[in-house]
Each structure stands twice: as C-alpha cells, then as structure tokens.
Amino acid sequence: MGLRSRLGRARDAWSSHLATVRASEVVDEHIWQELGDALILADVGVATADELLDEVRQRVGREGVDDVDGVLEILKSVLVDRLGGADRSLALGGSPSVWLFVGVNGVGKTTTIGKLGGREAAAGRHLVFAAGDTFRAAAADQLAMWADRAGAPVVRGAEGADPSSVIFDAVEHAAARGADLVLADTAGRVHTKSNLMDELAKVRRVAEKGSGTVTETLLVIDATTGQNGLIQARQFAEVAAVTGIVLTKLDGSARGGIVVAVQEDLGIPVKLVGVGEGADDLVEFDPVDFVDALFAVDMTA
Ligand SMILES: Nc1nc2c(ncn2[C@@H]2O[C@H](COP(=O)(O)OP(=O)(O)OP(=O)(O)O)[C@@H](O)[C@H]2O)c(=O)[nH]1
Ligand SMILES: [Mg+2]
C-alpha cells in the first residue's frame, strides 16, 4: 500500500502552485516566488522554506540546471536528504521494553497504540497494553477495545489513579508472563510545563523501577493542526526524551509539508504516519515514497 493514495488532501494546498511552476518554460524569479509560496502553503514553515530554496538555488547554479523539471527534481532530492538518514526503527531490548506514547489530547495516541499493538501482535510479539490515561474511564475502555482486537491483555486502574502506578502494574504483569513489550497510553490533557515535566519524569522512572526499560517515547502529533500543533509538541519534546514522532491524520486535511516542519523543528525522526482510523491505517514513514507522493502529478486533489 503506497503512501501516495493515502495522503488525503496533503497535496492540495500546494499543487496549484506546483502546476504553475510546471507550466513555466523558464526558470525565472517568478518561479522561485511560486515555489516559496507553495512550500509555505504546504506548512513547511517560513524559515525552513527559505532554507530549502536557498539550497535548491545553490545546487541549480552549481549544476547548471536551466529547466523547471530539473529544478523540481533538485527540490525533491533536497527534501529527501533533509528527511532521510534517520533511524526509524522502534527499539526493543528491555525485558519488557516499554513504548510510551505522549502528546496533547485528541491527537491520536490511543488509536495509534491500538493500531501498532495489532501490528506487533500479528508479528508474534507478546504484548501488554497499559491504560495510563486514568483521566477518564472511557479512555481505558477505548484502549481495552483495541487490546481485545489484538488478543492482548490490558492493565487498567481506577479513574483518577496515578498513571505511573498503572504503567508499573502493566510492566510487572508483562514481566511475570514473559511478555516482550508494554504499550503505555498517557493522558493528553494540557498541563503547565512543570506539571508535565514532573508527570512524564515520574511515569518513566516508575516504568523502569522493576525490570522494564523505556526503549521508545513516541510523541504523537495531529498533522491537521499544522504549525500550531508544532508549538504544543515542542513542549513535550522539551520535557520528555522523545525518540520518535508519530504524525497522525495525514489522510485528512493536513498539508504534507508539516512532515518536513516537524522533523526540522524538533530534530526528531517521524517514524510512523497515521492515515485513517482503522487498524491498518498506520504506515512506516518512508521519505522517498512521501516526497514522490507530494510531487505526484497523477493524483487529482
Ligand atoms: N482520520 C484519522 N483519524 C484519526 C487518526 N488517528 C486517530 N484518529 C482519530 O482521532 C480521534 C482521537 O484519537 P484518540 O486516539 O482518541 O486520541 P488521543 O490522543 O488518545 O486523545 P486523548 O485520549 O483525549 O488525549 C479519534 O476519533 C480517532 O479515530 C488518523 O490517522 N486519521
Ligand atoms: Mg487517548
């Protein structure tokens, strides 16, 4: 399943600019302006758009490229270089390993855990779900439904219980049964920064009190919230040792450039991409595939 057909409207915002660029016969100042506008409209962010274009212009000059297709090819390769090179694997190695999911509310943490749990269980992984979002009882019910589907146990606490105690119990439960992996949900309500820092530090400390090791802390970001979502995400990245980004809802009204913005801004690799609400709607992020999808001409918006 290619990313291209799953990207939703990720290309909308910039494809009309791209069409104007493609229709031009010469590489003139107007083309550079259109490309700059296109990147900004695609949610790449103003500073990053400028940087990208500077890099493209330099290469265009150096390589003596004088046609529009050549310029676009260079832009693609600059984007792939920027996005590429990161290790996107999800680390194991604890007994059990704990993958912690953090992020503001509504971004898709619980859904992502559900999808990933299904995938890991299908791959033969022995896992336990930890309902560390004790803020609402419904949150644990939602996770329990996904756990059920994956055929894996869920450890939950009473509403209002300390999230770290639930995650601790889940780690113990996993260790006692020889499970490899604990997928730990957390509440996404907005805290003050120092609250957030204390709570995430505690969750992590307690998760590692017994035999567990936190091998991934995945920050989930809703791609449709664009540059605003990025500001909130930055707070999490500042207080938690985030090892990867999950960018959700790329099937919706998100603009594709947000992927570039997130990775540039936070300096953390996008590891997974959510492209729908269903169990199969989670894909590994592949820079080449993604950039190809953004530039594809055969897909109408
Ligand atoms: N279209 C689309 N919807 C998604 C995706 N991921 C999650 N959602 C939906 O987004 C909504 C919120 O998802 P949750 O998983 O509950 O988000 P959360 O981060 O756990 O939210 P809180 O528990 O309130 O902090 C749900 O309706 C999901 O079905 C995605 O990749 N694409
Ligand atoms: Mg949730």
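Numbers here simply count residues along the sequence, with the first being 1. Remember, it's 1-based here, ligands and their atoms both numbered in the order they're listed.
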Q: Got an N/O contact under 3.5 Å between L250 and ligand 1?
A: no

Q: Cut-off 3.5 Å, side chains only: do T48 and R82 have a donor facing an acceptor?
A: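 Checked: T48/R82 side chains show no N/O donor-acceptor pair below 3.5 Å.
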
Q: Let me see the working for D141 and R156 under salt bridge (charged side-chain N to carboxylate O under 4.0 Å, His left out), right down to the final yes or no.
A: CA-CA 9 Å; D141 293 342; R156 53 191 295 177; 2.9 Å; yes

Q: Could you check T217, T243, T215 and say which one makes a side chain to side chain donor-acceptor pair (under 3.5 Å) with W99?
A: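 Between W99 and the candidates, side chain to side chain donor-acceptor pair (under 3.5 Å) is satisfied uniquely by T215.
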
Q: Would you mind checking if D133 and K109 are paired as a salt bridge, meaning a charged N to carboxylate O distance below 4.0 Å?
A: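 The answer is no: the pair does not qualify as a salt bridge.
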
Q: So, the side chain of T213 versus the backbone of G94: is there a donor-acceptor pair under 3.5 Å, distance only?
A: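 Flag not set: sc T213 to bb G94 has no pair under 3.5 Å.
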
Q: So is G106 close enough to ligand 1, meaning a heavy atom under 4.0 angstrom away?
A: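 Heavy atoms of G106 do come under 4.0 Å of ligand 1.
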
Q: Give a yes or no answer on whether the side chain of S97 reaches the backbone of L181 with a donor-acceptor pair at less than 3.5 Å.
A: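 Between the backbone of L181 and the side chain of S97 there is no qualifying donor-acceptor contact (under 3.5 Å).
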
Q: My understanding is that we take every heavy atom of each candidate and find the minimum distance to atom 9 (C) of ligand 1. Doing that for E277, K109, Q142, R136, which one comes out nearest?
A: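 Looking at heavy atoms only, E277 sits closest to atom 9 (C) of ligand 1.
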
Q: Tell me the contacting part of D281 for ligand 1: side chain, backbone, both, or neither, using a 4.0 Å heavy-atom threshold, strictly below.
A: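 No part of D281 comes within reach of ligand 1.
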
Q: Verify, without hydrogens or angle tests, whether D281 (side chain) and G278 (backbone) share a donor-acceptor contact under 3.5 angstrom.
A: yes

Q: Looking only at heavy atoms, what is the nearest atom pair of I258 and A223, with distance?
A: CG2-CB, 3.9 Å

Q: Quick check: does T110 get an N/O under 3.5 Å from an N/O on ligand 1?
A: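 Right, the criterion is met.
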
Q: Could you list which atoms of ligand 1 come closer than 4.0 Å to a heavy atom of D133?
A: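 Per the distance check, 23 (O).
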
Q: Looking only at non-hydrogen atoms, which of V275, D222, N105, T111 approaches atom 7 (C) of ligand 1 most closely?
A: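 Result: the heavy atom closest to atom 7 (C) of ligand 1 is in T111.
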
Q: Under 2.8 Å from the Mg ion (ligand 2), can any N, O or S atom of N105 be found?
A: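 Of the N, O and S atoms in N105, none lies under 2.8 Å from the Mg ion (ligand 2), which means no.
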
Q: Atom 30 (C) of ligand 1: which protein heavy atom is closest, and how many Å away?
A: G276 O, 3.1 Å

Q: Nearest to atom 11 (C) of ligand 1, what protein heavy atom do you find, and at what distance?
A: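 The closest heavy atom on the protein side is K249 NZ, 4.0 Å.
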
Q: What's the shortest distance from atom 17 (O) of ligand 1 to any protein heavy atom, and which residue and atom give it?
A: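 Nearest neighbour among protein heavy atoms for atom 17 (O) of ligand 1, to 0.1 Å: G108 N, 3.0 Å.
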
Q: Within ligand 1, which atoms have a heavy atom of G274 less than 4.0 Å away?
A: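 Counting from 1, the qualifying ligand atoms are 31 (O).
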
Q: Using a 4.0 Å heavy-atom threshold (strictly under), name the region of D185 that reaches ligand 1: side chain, backbone, both or neither.
A: neither

Q: Got the closest protein heavy atom to atom 32 (N) of ligand 1, with its distance?
A: D251 OD1, 2.8 Å

Q: Quick one: does K271's side chain have a donor or acceptor within less than 3.5 Å of a partner on S89's backbone?
A: yes

